[in-house]
Amino acid sequence: MNQSKIGAFISARRKAMGLTQNQLAEKLGITDKAVSKWETGVSQS
């Protein structure tokens, strides 16, 4: 899987829905930091 393409997709969809990272995180029941990591492709393995 291409992490940067997935991150760009998540970011684009979130912005198209007019949501901030924090708002998306609240809807998913996760932290905004997790959303940021998904979008930037940064993760701790």
Side-chain angles (χ1 to χ4, degrees):
M1 293 193 307
N2 187 327
Q3 190 98 20
S4 62
K5 285 185 181 180
I6 294 170
F9 174 77
I10 293 170
S11 178
R13 293 297 301 144
R14 175 182 60 78
K15 289 176 183 176
M17 295 174 72
L19 298 174
T20 65
Q21 287 181 343
N22 193 40
Q23 290 170 325
L24 177 60
E26 286 181 14
K27 287 183 178 285
L28 297 175
I30 60 174
T31 65
D32 56 335
K33 191 172 182 178
V35 174
S36 177
K37 286 182 179 182
W38 289 349
E39 290 184 0
T40 61
V42 176
S43 65
Q44 296 175 346
S45 297

Just jot down the side-chain contact (heavy atoms from CB on, under 4.5 Å) partners of Ala34, sequence neighbours excluded, or say none.
-> Ile30, Thr31
Residues two or more places apart in sequence or in another chain: which of them pass side-chain contact (heavy atoms from CB on, under 4.5 Å) with Lys27?
-> Leu19
Drop me the distance from Asp32's CG to Gln23's CD, to the nearest 0.5 angstrom.
-> 11.0 Å
The complete set of side-chain hydrogen bond (donor to acceptor under 3.5 Å, both in side chains) pairs with one or both residues in residues 4-14, sequence neighbours excluded, reads Asn2-Ser4, Arg14-Glu39
Of all the heavy-atom pairs spanning Gly41 and Gln3, show the shortest one and how long it is.
-> CA-CG, 3.4 Å
Group every Ile, Leu, Val, Met, Phe, Trp and Tyr by side-chain heavy-atom contacts under 4.5 Å, then state whether Val35 and Phe9 land in the same group.
-> no
Decide whether Leu28 and Met17 are clustered together by the hydrophobic rule: side chain heavy atoms of Ile, Leu, Val, Met, Phe, Trp, Tyr closer than 4.5 Å, transitively.
-> yes
